[in-house]
2 protein chains.
Amino acid sequence: MDKEKVASTKRRLQDDQVYAALAETFGALADSNRAKILHSLMNEELCVCDIACLIGISDSAVSQHLRILRTLRLVKQRKSGRMVYYSLNDEHIKVLLDVCLEHTQHG
Amino acid sequence: MDKEKVASTKRRLQDDQVYAALAETFGALADSNRAKILHSLMNEELCVCDIACLIGISDSAVSQHLRILRTLRLVKQRKSGRMVYYSLNDEHIKVLLDVCLEHTQHG
DNA sequence: AAAATAGTTTAGTAATTACGCAGATGTTAA
DNA sequence: TTAACATCTGCGTAATTACTAAACTATTTT
């Protein structure tokens, strides 16, 4: 074991909570339905029932997915009457999706 | 429900397996110990026991994490005698970590 | 006011996941 | 060969997660 290398790497590491936050955010992306939702929102905002229809799961399930994504600031909502429209929160999300897509489709 | 919007968005969606692959890769990043491992590997390669010592979990657990990361081509290995050195597979990983880090640290 | 609509929340269940432990494989040293 | 070391694999357990169904909130329509 290389004690020197371990020590110098340890110095570069951040607090545990930083990695916990990273993992939590990646976790929000780690579900095919949520990935589909985010990809659907890349061009235009959609309401809950549009998304439910689009990907074929219940309104309830969509709402729960959106709550997870909203909590982590991956999507934002705009309320209008009884409708709630969702859109991507910022450009980070598109980059994450694009880079990961590129990685999975070849490497 | 906006049938037109749903239809046009549906046309832009990819096959289910694309989202499954995305989710699987994000899932590999969705664990704080794996995030820590990947961050540790940003500067230099490390062997299994170095990583185990660094983040404070068993060799066995590290090995299992590395298998997950290797399967999804997030890390690659170099064997030398009985040691196995791991490093990041390509630049995508750094981008994903950096962009996500930026997102979590502010938004 | 009553009914319908859009969305959220809660509860229960089935499936997945991360871990340590124990055992197996493979490599180097005595 | 025997011993020691580095890593990997299989198993059982505890915790997490995603889903449906049902109940609830809030808004609009009749």
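Chain letters run A, B, ... following the sequence lines, proteins first and then strands; every chain starts at 1. Small disclaimer: the values here were computed from a predicted structure and weren't measured.
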Side-chain donor or acceptor of [X] paired with backbone N/O of [Y] under 3.5 Å:
X     : Y     : result
A/N43 : B/T9  : no
B/R34 : B/L29 : no
A/D15 : A/Q17 : no

Could you walk me through whether A/K36 and A/D31 pass the salt bridge (Lys or Arg N to Asp or Glu O under 4.0 Å) test, one step at a time? CA-CA 9 Å; A/K36 216 181 279 188; A/D31 177 272; over 6 Å; no
Heavy-atom distance under 4.5 Å between the side chains of B/L97 and A/F26, does that happen here?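 Yes - at least one pair of side-chain heavy atoms lies under 4.5 Å apart.
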Please report, rounded to the nearest Å, how far the [atom2] atom of [N] is from the [atom1] atom of [X].
X     : N      : atom1 : atom2 : result
A/M83 : C/dG7  : CE    : P     : 5 Å
B/I57 : D/dA6  : CD1   : P     : 17 Å
A/R70 : C/dG7  : CZ    : C1'   : 10 Å
B/I51 : C/dC19 : CD1   : P     : 13 Å

Under 3.5 Å, is there a donor on one side chain and an acceptor on the other for A/S8 and A/E4?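 On atom types as modelled, these side chains do not qualify, holding no pair under 3.5 Å.
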Is it true that the side chains of A/H39 and B/Q14 contain a donor and an acceptor less than 3.5 Å apart?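 Looking only at side-chain atoms, B/Q14 and A/H39 do not form any donor-acceptor pair under 3.5 Å.
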Residue pair [X] / [Y]: nearest heavy atoms and the distance that separates them:
X     : Y      : value
B/T25 : B/L74  : CG2-CD2, 4.2 Å
A/L54 : A/S40  : CD2-OG, 3.4 Å
A/R73 : B/H106 : NH2-O, 2.7 Å

Close N/O contacts between protein and nucleotides 23-30 of chain D (under 3.5 Å):
unit_1 : atom_1 : unit_2 : atom_2 : d
D/dT27 : O2     : A/R82  : NH1    : 3.3

Strand contacts (DNA chain C) in residues 12-46 of chain B, 4.0 angstrom heavy-atom criterion: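 Residues of residues 12-46 of chain B under 4.0 Å from DNA chain C: B/D31, B/N33, B/R34.
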Going by heavy atoms closer than 4.0 Å, what residues in residues 60-68 of chain A are next to DNA chain C?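 DNA chain C contact set from residues 60-68 of chain A: A/S60, A/S63, A/Q64, A/R67.
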Heavy atoms only, 4.0 Å cut-off, all strands: where does B/Y86 land among base, sugar-phosphate and nothing?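 Here B/Y86 touches the backbone only, sparing every base.
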Residue met sooner reading DNA chain D from 5', once A/S58 and B/Y85 are mapped to nucleotides: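 So the residue in question is B/Y85.
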Are A/E45 and A/R78 close enough for a salt bridge, meaning some N to O gap below 4.0 Å?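 Yes, this pair counts.
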